[in-house]
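Following: one structure in structure tokens, then a few remarks.
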Amino acid sequence: MSPRVGIVILIWNGKADTLECLDSLSHDRYANKEIIIVDNGSTDGSADEIRKAFPGVIILETGANLGFTGGNNVGIQHAVERGTDFLYLLNNDTTVEPDALSELVAAAEAEPRFGLLAPVIHEFYPPRPIWFADSKMDLPRGAAWHDNTRQPQRTEPPFTVPWATGCAMLIRTQLMHTLGGFDERYYLSWEDVDLCVRVRQAGLEIVTVPAARIYHKGGRSGLRMSGVQHYYAVRNTLLLMRKHSGAAYYRAAPGVVLSFLWRTLRARMGPRDRMECLRSVLDGVHDHLTAHYGPYHAAREKRAEPVAA
């Protein structure tokens, strides 16, 4: 019997993208799998449309937007309870090649040291360049980025990377359960880097599997979250550094904050937008220093509370 895989797809609206993703998965050749949709408070009727088009898909409705971390953790816990061997976390704005999941599972089964595995991810639209294959990380500076100078051929063996994007990752269910899932303080952004650091701290490797290929439309949820990306970026960068950089955090954090402020001041935007972005950066710094994490609106309400005499 091949390992049981729980495919967890988090959605927040984006109905058309989700249906296209599920259609591509309907052609996936890996047999021993189940698809778990976590509806993170959609308002576009996504859940009803999915039920009609794909009745075999499991749908969990959270009733609210729990962020990337909280929503995925709902699906992860369900997969743990279902006794799956692997979790395949997949963005809803992707489509997959029919053998992508098979290649990922085969690589994981062949090498127990591989704790988390990622496919090569191409941009969805022609000419479909590689969007993710390799990465770089500099934790003391709070930096992690895609590095696609390497253009792997499909026939190459899996290779180690410092971190993999949360857009698509295969991880052993027991490992994810042991690690406690995503750290929900991040809510949105940097949670994938944090997870990869913890996998490596457990003595396991993060790898890209060149034979596995998927396609990513990119940034759909981010477009619907416009206006607060700066807040999450600075707050969560500082959280990542404080968790994993040791004493270097205290030396580097002021420079990271100044870098965010400088980039905002130099960005091409109108005065009102610039002031809003600056406010978001400063709010992010404040909420990190006061340990107010989770969604931006909840932290903003906390800041507005009167101080007790």
Side-chain angles (χ1 to χ4, degrees), residues 8-15 17-18 36-44 46-47 59-78 89-93 142 144 165-167 169 176 179-198 218-244 253 256-257 260-261 264 273 275-307:
V8 177
I9 303 174
L10 178 68
I11 66 171
W12 179 54
N13 298 319
K15 176 170 54 182
D17 287 335
T18 305
I36 304 165
I37 293 286
V38 181
D39 188 343
N40 224 5
S42 295
T43 57
D44 65 349
S46 287
I59 301 177
L60 309 176
E61 297 185 69
T62 66
N65 191 340
L66 306 181
F68 187 88
T69 54
N72 268 302
N73 280 349
V74 169
I76 290 165
Q77 182 58 37
H78 185 82
L89 307 182
L90 189 66
N91 273 18
N92 74 316
D93 58 354
T165 171
C167 173
M169 52 172 59
M176 192 64 149
L179 294 175
F182 287 112
D183 184 338
E184 294 189 14
R185 290 178 296 176
Y186 289 94
Y187 189 76
L188 178 72
S189 81
W190 291 103
E191 70 290 315
D192 47 5
V193 180
D194 173 82
L195 175 66
C196 290
V197 172
R198 291 187 283 136
R220 297 303 181 97
S221 295
L223 291 173
R224 299 194 294 274
M225 294 289 290
S226 61
V228 295
Q229 292 97 330
H230 295 83
Y231 169 83
Y232 289 115
V234 66
R235 188 197 71 180
N236 292 352
T237 298
L238 293 170
L239 173 58
L240 182 80
M241 293 169 63
R242 189 174 68 183
K243 280 187 69 175
H244 300 298
V256 169
V257 174
F260 273 100
L261 291 171
T264 303
D273 289 338
M275 288 303 297
E276 184 63 28
C277 288
L278 285 171
R279 177 189 172 187
S280 294
V281 170
L282 293 174
D283 283 348
V285 174
H286 174 274
D287 287 348
H288 169 69
L289 294 175
T290 55
H292 291 152
Y293 298 108
Y296 175 63
H297 62 82
R300 183 172 57 189
E301 292 169 2
K302 188 70 175 177
R303 288 194 300 272
E305 292 178 0
V307 178

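Between Asn13 and Asn92, the shortest heavy-atom contact is O-ND2, 4.0 Å. In terms of heavy-atom proximity, Arg235 sits nearest to Tyr186 at NH2-O, 3.0 Å. Between His230 and Ser280, the shortest heavy-atom contact is CB-CB, 4.1 Å. Residues Phe260 and Val281 approach most closely at CB-CG1, 4.1 Å, considering heavy atoms. In this structure, Ala253 and Leu238 approach most closely via the heavy-atom pair CB-CD2, 3.9 Å. Tyr232 and Gly294 make their closest contact through CE2-O, 3.8 Å (heavy atoms, listed as atom of the first residue, atom of the second, distance).
Atom OG1 of residue Thr264 and atom CG of residue Asp273 lie 11.5 Å apart, to the nearest 0.5 angstrom. With values rounded to the nearest 0.5 angstrom, Tyr231 atom OH is found 13.0 Å from Glu276 atom CD. Expressed to the nearest 0.5 Å, how far CG of Leu89 lies from CD1 of Ile76 amounts to 5.0 Å. Taken to the nearest 0.5 Å, the CG atom of Asp194 stands 3.5 Å off from the NZ atom of Lys243. One finds the CG atom of Leu90 at 7.0 Å from the SG atom of Cys167 (value rounded to the nearest 0.5 Å). To the nearest 0.5 Å, atoms CG (Asp17) and OG (Ser46) are separated by 9.5 Å.
For Arg198 and Asp183, the salt-bridge test fails: no basic side-chain N is under 4.0 Å from an acidic carboxylate O.
Inter-residue side-chain proximity for Leu239 and Trp190 is flagged as unmet; no heavy-atom pair is nearer than 4.5 Å. Residues Phe182 and Met176 have side chains in contact (heavy-atom distance under 4.5 Å, counting atoms from C-beta outward). When side chains are defined from C-beta on, His288 does not count as touching Met241, because their heavy atoms never get closer than 4.5 Å. Within the 4.5 Å cutoff, side-chain heavy atoms of Val234 are placed close to those of Val285.
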TODO: Take Tyr296 and Asp283, measure what side-chain hydrogen bond (donor to acceptor under 3.5 Å, both in side chains) needs, and give me the verdict at the end.
DONE: CA-CA 9 Å; Tyr296 175 63; Asp283 283 348; 3.2 Å; yes

TODO: Let me see the working for Asn65 and Tyr187 under side chain to side chain contact (heavy atoms under 4.5 Å, CB included), right down to the final yes or no.
DONE: CA-CA 10 Å; Asn65 191 340; Tyr187 189 76; 3.5 Å; yes

- [ ] Walk me through it: do Leu282 and Leu261 pass the test side chain to side chain contact (heavy atoms under 4.5 Å, CB included)?
- [x] CA-CA 8 Å; Leu282 293 174; Leu261 291 171; 4.1 Å; yes

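Remark: of the listed residues Thr165, Val197, Thr69, Thr165 is the sole one forming a side chain to side chain contact (heavy atoms under 4.5 Å, CB included) with Asp192. Here the options are Val38, Leu195, Leu10, the test is side chain to side chain contact (heavy atoms under 4.5 Å, CB included), and the partner is Asn72; only Leu10 passes.
Judged by distance alone, the side chain of Asp44 and the main-chain N or O of Gly14 form a donor-acceptor pair under 3.5 Å. Proximity of a side-chain donor or acceptor of Glu191 to a complementary backbone N or O of Ser189 within less than 3.5 Å is detected.
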